[in-house]
**Q** 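Handing you a structure now.
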Protein chains: 2
Amino acid sequence: MAKAHPSLDPTELGAYFALIEVSSLLRHSVEQQLREAGDLSYVQFQLLARLGDSPAGSHRMTDLADGVVYSRSGLTYQAQLLEQRGLITRTPSPNDERSTSVSITEAGRDVLTRVFPGHIAVLNELLFESLSPADVSMLGDVLGRVRDHMRSTPPRSAAPRRRKTE
Amino acid sequence: MAKAHPSLDPTELGAYFALIEVSSLLRHSVEQQLREAGDLSYVQFQLLARLGDSPAGSHRMTDLADGVVYSRSGLTYQAQLLEQRGLITRTPSPNDERSTSVSITEAGRDVLTRVFPGHIAVLNELLFESLSPADVSMLGDVLGRVRDHMRSTPPRSAAPRRRKTE
DNA sequence: TATTGTTATACTCTATAACTATA
DNA sequence: TATAGTTATAGAGTATAACAATA
């Protein structure tokens with residue numbers, strides 16, 4: 001809920017600005033690296049990484065859209081691009097014919113492998129270099145809590161899709 | 001898979017993922033609010049807010065581009081939109097005829113005033129509600145340090161990112 | 001009827017390069 | 001020559017709504 005009179009104290013303002021600025025700069029650098037190293041947009045990278053992390057190497061479209069904060073049509077668009085490049089495959093799900101099962105291919109894994117080192121290098125350079133292990137730990141803890149809170153808060157405006165438990 | 005590469009420990013990975021996810025979700029909600037409340041993109045809001053914060057209510061284009069992490073042409077585009085709506089004015093700088101001085105108008109301040117409450121409400125709802133004052137303080141401190149570090153490294157002008165010293 | 005996903009479409013945003021003008 | 005800014009352009013990405021197919 002919102003406070004009675006909306007205002008932020010300087011500490012909150014500072015945290016907000018820092019968060020926005022850091023994430024913008026980081027995102028920008030990372031996107032550049034991904035584009036150069038593997039001709040991937042950040043969303044495409046996220047999709048591949050998520051599939052690569054999955055034990056089965058596959059997910060349903062809806063699960064992917066949920067994880068990446070996307071409209072389903074946007075996800076379809078990105079999936080088409082990845083499929084055209086042979087980095088993923090899409091097949092109807094056996095259990096539920098409505099669903100599409102998305103799987104990462106060997107070529108997809110290769111691209112991930114090619115892209116990871118530079119990706120990590122950017123993160124180390126920009127994000128972790130100026131932080132102590134304790135800083136990193138706290139950051140993950142605090143932001144993790146925020147994320148859980150955000151995920152549990154239903155979006156205020158039209159979002160007719162429900163999230164399913166994995 | 002290659003394993004001789006620098007990798008991230010689970011803590012770092014968690015912090016990174018949380019940062020990306022939180023900033024994405026926050027950005028998404030904030031953009032929606034700004035669009036609904038004042039028909040502003042986030043960049044336009046940033047520009048107006050920056051001008052509104054300035055004592056003189058004006059800045060040079062270059063300073064604005066610097067602050068918002070933008071290409072100059074992108075800034076020109078956004079400034080045109082804001083000027084068409086009468087929210088800012090652009091005039092040649094007196095001292096240096098090459099420069100353009102951008103000023104916020106009364107209408108621009110009105111839009112900011114109209115948009116702020118909802119903006120802050122979203123921040124409170126999504127970001128601050130799940131955090132203690134100490135968390136907020138720590139977040140601002142740590143991310144502030146990261147930002148300073150990022151800012152002190154060469155901007156994303158041209159040079160492709162390399163791991164090794166040049 | 002509700003859900004999953006695709007398509008059609010229209011639009012916003014962003015970056016690069018060429019350009020003008022001032023310093 | 002270098003800097004400040006604009007323009008022209010072109011492409012990528014996104015969301016909305018209509019649609020088809022399955023549950």
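In the text below, chain A, chain B and the rest are named by the order of the sequence lines, each starting its count at 1.
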**Q** Any N or O donor-acceptor pair under 3.5 Å from the base of D:dG5 to the side chain of B:Arg98?
**A** no
**Q** In whole Å, what is the span from the CZ atom of A:Arg60 to the P atom of C:dT4?
**A** 6 Å
**Q** Please figure out whether A:Tyr77 or B:Arg35 has its closest DNA chain C nucleotide nearer the 5' end.
**A** A:Tyr77
**Q** Report yes if at least one side-chain N or O of A:Arg90 is closer than 4.0 Å to OP1 or OP2 of C:dT6; otherwise report no.
**A** yes
**Q** Ring centroid separation for A:His119 and B:Tyr16, is it under 6.0 angstrom?
**A** yes
**Q** Please determine whether a side-chain nitrogen or oxygen atom of B:Gln44 lies at a distance below 4.0 Å from atom OP1 or OP2 of C:dT12.
**A** no
**Q** How about B:Asn124 and B:Ile120: do any of their side-chain heavy atoms sit closer than 4.5 Å?
**A** yes
**Q** Under 4.0 angstrom, heavy atoms only, what part of the nucleic acid is A:Ser93 near: base, sugar-phosphate, or nothing?
**A** nothing
**Q** Please give, in whole Å, the distance from D:dG11 P to A:Glu31 CD?
**A** 19 Å
**Q** For A:Asp96 and for A:Ser73, find the nucleotide of DNA chain C with the closest heavy atom, then tell me which residue's nucleotide is more 5'.
**A** A:Asp96
**Q** Looking only at the side chains, is there a donor atom on one of A:Asp135 and A:Ser132 sitting less than 3.5 Å from an acceptor on the other?
**A** yes
**Q** For D:dA15, take OP1 and OP2 only and decide whether either is under 4.0 Å from a side-chain N or O of B:His28.
**A** yes
**Q** Considering every strand and a 4.0 Å limit on heavy-atom distances, what is the contact class for B:Thr100: base, sugar-phosphate, or nothing?
**A** sugar-phosphate
**Q** Rounded to whole angstroms, how far apart are CG on A:Asp39 and P on D:dG11?
**A** 14 Å
**Q** Among C:dT7, C:dA23, D:dA23, which is the nearest nucleotide to the side chain of A:Thr76?
**A** C:dT7
**Q** Between D:dC19 atom P and A:Arg72 atom CZ, what is the distance in whole Å?
**A** 16 Å
**Q** A:Phe45 has an atom CZ; how far is it from atom P of D:dG13, in whole Å?
**A** 15 Å
**Q** Is the closest side-chain donor-acceptor distance between A:Thr113 and A:Asp110 under 3.5 Å?
**A** no
**Q** In this structure, how many angstroms lie between the C1' atom of C:dT12 and the CG atom of B:Leu34, rounded?
**A** 15 Å
**Q** I'd like to know if A:Arg27 pairs up with A:Glu31 as an ion pair, taking the criterion as any Lys NZ or Arg NE/NH1/NH2 lying under 4.0 Å from an Asp or Glu carboxylate oxygen.
**A** yes
